[in-house]
Amino acid sequence: MAFLIFTLGFLLSPNLVAGNFSYDGTNGPSHWGKEYKTCLGKYQSPIDIEEKDVTTMTFPELQFSGVEGSHKAYMTNNGHTVMIQSFDSNVPSISGGPINSTYVFQQLHFHWGQNDNQGSEDLINNHSFSMELHVVFWKKEYGSYDEAVKRDDGLTVLGYLYQATDEPNPMFESIVQQISDIIGVGSNITISDNNVLKKLVAPDIASAQNYFTYRGSLTTPPCLEIVQWIDFVKPQHISHEQLAAFRSIQSADGTNLTHNFRPVQPLDGRTVYRNIAGAEPSTISPVSKQTSSTASVPASSPAKKPETINNDVTESPMDNNKNGENSASSMWPVTPFAVILGVIFLLSYQ
Ligand SMILES: *[C@@H]1O[C@H](CO)[C@@H](O)[C@H](O)[C@H]1NC(C)=O
Ligand SMILES: *[C@@H]1O[C@H](CO)[C@@H](O)[C@H](O)[C@H]1NC(C)=O
Ligand SMILES: *[C@@H]1O[C@H](CO)[C@@H](O)[C@H](O)[C@H]1NC(C)=O
Ligand SMILES: *[C@@H]1O[C@H](CO)[C@@H](O)[C@H](O)[C@H]1NC(C)=O
Ligand SMILES: *[C@@H]1O[C@H](CO)[C@@H](O)[C@H](O)[C@H]1NC(C)=O
Ligand SMILES: [Zn+2]
């Protein structure tokens with residue numbers, strides 16, 4: 001009985017119902033675990049991705065569908081971020097890459113900082129970018145987002161990094177123009193640009209096979225550990241002024257939401273993979289047997305050495321040729337069995 005009352009009390013708690021968390025003070029990230037125990041789990045996001053510690057891997061080609069074409073989209077201030085949704089029947093979906101089935105678009109939203117030197121959630125080589133876009137997808141097999149979040153492979157989130165520069169990015173024009181209409185928490189408008197999803201979700205398809213991927217969590221309470229993260233390596237840009245507009249929306253306490261990124265969480269032995277688009281059919285990049293979180297790419301690796309991350313975001317898109325192989329030949333299955341075979345093969349030749 002006591003348990004029942006406790007459970008009811010918990011469920012009805014205005015804190016929980018209101019999504020009562022913030023990025024400062026007594027409701028800030030270091031306190032989320034009090035109400036949301038999962039936030040104290042071992043597979044939390046965001047993380048710092050150290051390039052020297054990632055394991056290279058060739059995944060099947062990551063594929064997008066339903067991105068082209070126009071979508072009626074809504075933009076909301078939910079008190080924690082600027083969120084964009086669409087209820088069209090042709091919303092984007094993704095498959096391939098590190099995921100085994102089709103995942104359907106749910107919403108996208110942004111994380112930013114008090115100033116342009118920070119704001120991204122995942123860090124790369126301990127570097128914080130000015131902003132990060134998260135595009136959230138749920139596993140189609142589970143029928144709905146609400147069902148998918150009950151499963152440990154329920155979500156895939158695409159992470160896109162943005163660095164602030166002097167040059168405005170046209171893809172943010174409509175958002176920035178209309179952000180003044182969603183200053184108050186709960187406000188919700190139709191975006192004037194029907195191509196906004198197309199622009200944000202697949203802005204540079206040539207770079208789409210160049211990503212880090214790891215298993216982690218939602219970066220806001222309840223911090224569910226159900227997310228396959230796919231972070232694109234190549235940052236894009238946004239102007240200082242465009243980014244400043246995001247800081248003008250209000251949070252629940254009526255003050256400006258000046259920043260909304262969670263600090264990085266321990267990696268705790270997880271492996272972060274870097275996709276190396278395969279040049280040949282069934283070439284497996286050597287996978288070093290992980291004994292710690294600091295395994296590095298073997299020096300003798302026949303796989304292409306990962307390029308250093310290009311922070312020069314004004315440069316033209318990376319060349320496309322290494323991503324251009326046909327999908328059929330790169331569709332070999334990445335099964336644990338193949339990985340074990342690869343490891344045995346490597347060990348027996350040393
Ligand atoms: C949020 O939680 C804090 C601490 O538990 C509490 O003091 C505050 O009143 C809550 N705010 C809302 C809006 O529920
Ligand atoms: C895909 O399948 C493999 C092998 O069954 C599994 O190890 C991996 O976790 C799966 N990935 C996702 C995102 O479910
Ligand atoms: C990252 O930076 C923080 C402080 O900015 C520092 O405490 C930490 O040791 C750095 N981590 C790595 C892996 O360099
Ligand atoms: C925004 O408005 C649309 C259209 O009325 C509605 O379908 C959607 O649920 C609203 N979104 C939020 C987060 O309130
Ligand atoms: C806070 O938001 C208002 C508009 O809502 C804006 O005029 C002001 O510049 C913002 N302050 C900061 C620090 O961003
Ligand atoms: Zn997010």
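For ligands, and for the atoms within them, numbers begin at 1 and follow the listed sequence.
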Check: Is Arg270 positioned over the aromatic face of Tyr214, cation under 6.0 angstrom from the ring centre and no more than 45 degrees off axis?
Finding: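 No, Arg270 and Tyr214 do not form such a contact.
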Identify, by atom number and element, the atoms of ligand 5 in contact range of [X], meaning under 4.0 Å from any of its heavy atoms.
| X | result |
| --- | --- |
| Ser248 | 2 (O), 4 (C), 5 (O) |
| Arg247 | 14 (O) |
| Asn256 | 1 (C), 2 (O), 3 (C), 8 (C), 10 (C), 11 (N), 12 (C), 14 (O) |

Check: For Glu51, does its backbone N or O pair with a side-chain atom of Asn125 as donor and acceptor, under 3.5 Å?
Finding: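 Yes.
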Notebook entry, point to check: Angle class for the Phe59/Tyr273 ring planes (parallel below 30°, perpendicular above 60°, tilted otherwise)?
Noted result: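 Correct class here is perpendicular.
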Item checked: Parallel, tilted or perpendicular: ring planes of Tyr23 versus His259, cut at 30 and 60 degrees ->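 Judged by the thresholds at 30° and 60°, the geometry between Tyr23 and His259 is perpendicular.
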Checklist line | With sequence neighbours excluded, residues passing side-chain hydrogen bond (donor to acceptor under 3.5 Å, both in side chains) with His31 | finding: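 Scan of His31 (side-chain hydrogen bond (donor to acceptor under 3.5 Å, both in side chains), adjacent residues dropped) gives Lys34.
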Next item on the list: For a ring pair (Phe, Tyr, Trp, His ring centres under 6.0 Å) with His134, tell me which candidate from Phe110, Trp229, Phe261 qualifies.
Entry: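 Option passing the ring pair (Phe, Tyr, Trp, His ring centres under 6.0 Å) with His134: Trp229.
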Check: Is Asp116 salt-bridged to Arg247, cutoff N-O under 4.0 Å?
Finding: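 Judged by the 4.0 Å cut-off on N to carboxylate O distance, Asp116 and Arg247 do form a salt bridge.
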Next item on the list: Please say which of Thr156, Val136, Leu155 ends up in a side-chain contact (heavy atoms from CB on, under 4.5 Å) with Tyr103.
Entry: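 The single option meeting the side-chain contact (heavy atoms from CB on, under 4.5 Å) with Tyr103 is Thr156.
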Check: How about the Zn ion (ligand 6), which protein N, O or S atoms come within less than 2.8 Å?
Finding: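 Sorted hits: His109 NE2, His111 NE2, His134 ND1.
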Check: Can you find a heavy atom in the side chain of Leu161 that is under 4.5 Å from one in the side chain of Ile124?
Finding: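 Side-chain contact under 4.5 Å: yes.
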Could you check ligand 4 for N or O atoms lying under 3.5 Å from protein N or O atoms and list the pairs with distances?
unit_1	atom_1	unit_2	atom_2	d
ligand 4	2 (O)	Asn188	ND2	2.3
ligand 4	11 (N)	Asn188	ND2	2.9
ligand 4	14 (O)	Asn188	ND2	3.3

Notebook entry, point to check: What residues, two or more places apart in sequence or in another chain, satisfy ring pair (Phe, Tyr, Trp, His ring centres under 6.0 Å) together with Phe232?
Noted result: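 Once residues adjacent in sequence are excluded, the partners of Phe232 under the ring pair (Phe, Tyr, Trp, His ring centres under 6.0 Å) criterion are Tyr160.
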Notebook entry, point to check: Which heavy atom in Ser130 sits nearest to a heavy atom in Ala164, and how many Å separate them?
Noted result: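 Heavy-atom minimum between the residues: OG-N, 2.9 Å.
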